[in-house]
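As the structure is a prediction and not an experimental result, all values here were calculated from the model.
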Amino acid sequence: MTFLERSQTQRDPAQGSPPAPAIAIASIVASMALVAVGNGLMFAYIPVRLGAEGFDPTWAGLIVTGLSAGGLAGCILTGPLVRRVGHARAFMVLSALIVLSNAAVGAGPQPLSWIAARALYGFAICGLFIVAQSWLNDVVANAIRGRVMAFFYVAYVAGLGVGYSTLALIDIRAADAPLIGIAFTALSILPVGLTRLARAWRISPVGVAGMVAVGGLSMTISGFAPIHATAKGYSQADVALLLSAMPVGTLILQIPLGWISDRTDRRFVLVAASALAMVAGLFAIGFDGGALAALVVIYVVWAGASESIYSLASAHAADRAGKDDMVALSSSLLFAWSLSGFIVPGIVTGLSAIYGTQAFIYVAIVIATGFCLFVLWRVVAMSPVPAAETGNFAPMTAQAPLPVDLAFPSEEQRRADKETYAGN
């Protein structure tokens, strides 16, 4: 039995609660290892790029000094940040600062701006270390803490090594290194976010699946409809009319669908909305390139049905959540929506290069059909929430995600976040 496996079974008597499961520990370690790849590359890239541009070595030394100054600030300010918003949110905020730092470096060799950028990086990376270490120490049992922390540092150093070696593969005078650093920092958010998503799935599989579905549908339809319409030869005014008409579908369909969902099992309404989106997609194929008036009507219904899944899935998930789960659930649902909205358009872009711009319609039909079948299966497998325990429907749109008045969690939420990584 490995030390990660033992972490699932051993109990810390001093804390009185079970330690983190292996997946929780692994998510933190994996996130920091991914950060390290980008960081290692940037550490190697900056002095070499400055030398290639003919700058005095003093500038590289000043940049290192700026990094250290930022690190001191990170050591002072990260603790209050974690206490205020929690480990997961602090991790994402600090990761975003590293992305901004790398973006500033990617703008070109300007030593003064690079000093500021690396000071920001120093603040963020010291903060990330504090977040990761305190997170692990908070949830790991005393009996395995030494091995977990050793594994954490080995993974980080290995990531740095990979980053250092990557320097040999890039064009030193281009922006490849900052872009790679940004990519790995963005990827580092996924392990932490997916761990929180697992908790939301236990509360409401239909809610999470709905957010994944609507994230893909919303970004695909709104993003690729103008691309496809332009490729089909519609004029600029036609494309503008088509796009401006699509939100009308949300206004028309959300209120009646929400009203019905408050009076029956919301899953039935989700089935109807996803089936309507599927049928509208089929009509979009049938009338593709045809009369603009017909396409406007089809896209109004298509967009309205797809967007309605967002608010219906959110309401359904809230029906199944306890009061103390609401904050974590909302942020996790938003993560699922954002993840799908990031991945699906990338898939559509690749398919469009092979099959043409019409590919987005087929992808949207597949998503709507898959979600419809999943909800039907859940209807058969699981009983509905009693009507007396459901909340009230509130209209929402996937273009304006869940309101995050959740940035500052309650004490109950902090305990709930801790339990997520303690295996409760």
Side-chain angles (χ1 to χ4, degrees), residues 1-12 15 17-43 71 74-75 78-79 81-82 85-99 102 121 124-166 180-199 201 328 332 335 339 417-424:
M1 181 183 293
T2 67
F3 74 89
L4 286 179
E5 291 169 335
R6 282 195 290 274
S7 72
Q8 294 179 289
T9 59
Q10 294 176 347
R11 182 179 295 268
D12 185 350
Q15 295 180 356
S17 61
I23 186 64
I25 297 172
S27 69
I28 301 170
V29 173
S31 290
M32 288 301 290
L34 288 168
V35 169
V37 174
N39 291 351
L41 175 58
M42 293 302 291
F43 267 114
C75 292
T78 300
L81 175 65
V82 173
V85 304
H87 287 96
R89 292 177 184 83
F91 190 97
M92 294 178 187
V93 167
L94 294 167
S95 296
L97 294 182
I98 292 181
V99 168
N102 290 345
Y121 163 79
I125 192 61
C126 285
L128 278 181
F129 259 94
I130 292 170
V131 169
Q133 290 176 124
S134 62
W135 207 346
L136 287 173
N137 283 320
D138 197 33
V139 298
V140 171
N142 288 339
I144 62 167
R145 179 168 285 115
R147 282 166 287 176
V148 169
M149 297 308 294
F151 183 71
F152 167 73
Y153 284 113
V154 167
Y156 186 83
V157 172
L160 286 176
V162 172
Y164 295 150
S165 63
T166 305
I180 293 171
I182 289 171
F184 274 95
T185 304
L187 287 173
S188 73
I189 299 174
L190 296 183
V192 171
L194 291 174
T195 303
R196 292 173 63 84
L197 196 58
R199 181 182 176 194
W201 180 268
S332 298
F335 179 84
L339 182 62
D417 284 344
K418 180 177 178 180
E419 289 174 359
T420 298
Y421 290 93
N424 290 346

_If you apply the rule side chain to side chain donor-acceptor pair (under 3.5 Å), what do you find for Asn102 with Tyr121, and how did you get there?_
CA-CA 8 Å; Asn102 290 345; Tyr121 163 79; over 6 Å; no
First locate atom [atom1] of [X], then atom [atom2] of [Y], and finally report the distance between them rounded to the nearest 0.5 Å.
{"X": "Leu94", "Y": "Leu81", "atom1": "CG", "atom2": "CG", "value": "6.0 Å"}
{"X": "Ile98", "Y": "Ser188", "atom1": "CD1", "atom2": "OG", "value": "7.0 Å"}
{"X": "Leu41", "Y": "Thr166", "atom1": "CG", "atom2": "OG1", "value": "5.5 Å"}
{"X": "Ser95", "Y": "Ile125", "atom1": "OG", "atom2": "CD1", "value": "8.5 Å"}
{"X": "Met92", "Y": "Leu97", "atom1": "CE", "atom2": "CG", "value": "14.0 Å"}

*Apply the test side-chain contact (heavy atoms from CB on, under 4.5 Å) to residues Val29 and Tyr156: give CA-CA distance (whole Å), side-chain angles for both, the deciding distance (0.1 Å), then the verdict.*
CA-CA 8 Å; Val29 173; Tyr156 186 83; over 6 Å; no
*Member of Leu160, Ile189, Leu128, Leu187 meeting the side chain to side chain contact (heavy atoms under 4.5 Å, CB included) criterion with Val35*: Leu128
*Spell out, as yes or no, whether a donor-acceptor pair under 3.5 Å connects the side chain of Ser134 to the backbone of Val131.*
yes
Any side-chain heavy-atom pair of [X] and [Y] under 4.5 Å:
{"X": "Phe91", "Y": "Met32", "answer": "yes"}
{"X": "Phe152", "Y": "Phe129", "answer": "yes"}
{"X": "Leu34", "Y": "Pro191", "answer": "yes"}

*Should Met149 and Asn137 be marked as a side-chain contact (heavy atoms from CB on, under 4.5 Å) after you check the CA-CA gap, both sets of side-chain angles, and the distance that decides it?*
CA-CA 8 Å; Met149 297 308 294; Asn137 283 320; 4.0 Å; yes
*Considering all heavy atoms of both residues, which atom of Cys75 and which atom of Ile130 are nearest to each other, and what is their separation?*
CA-CD1, 3.7 Å
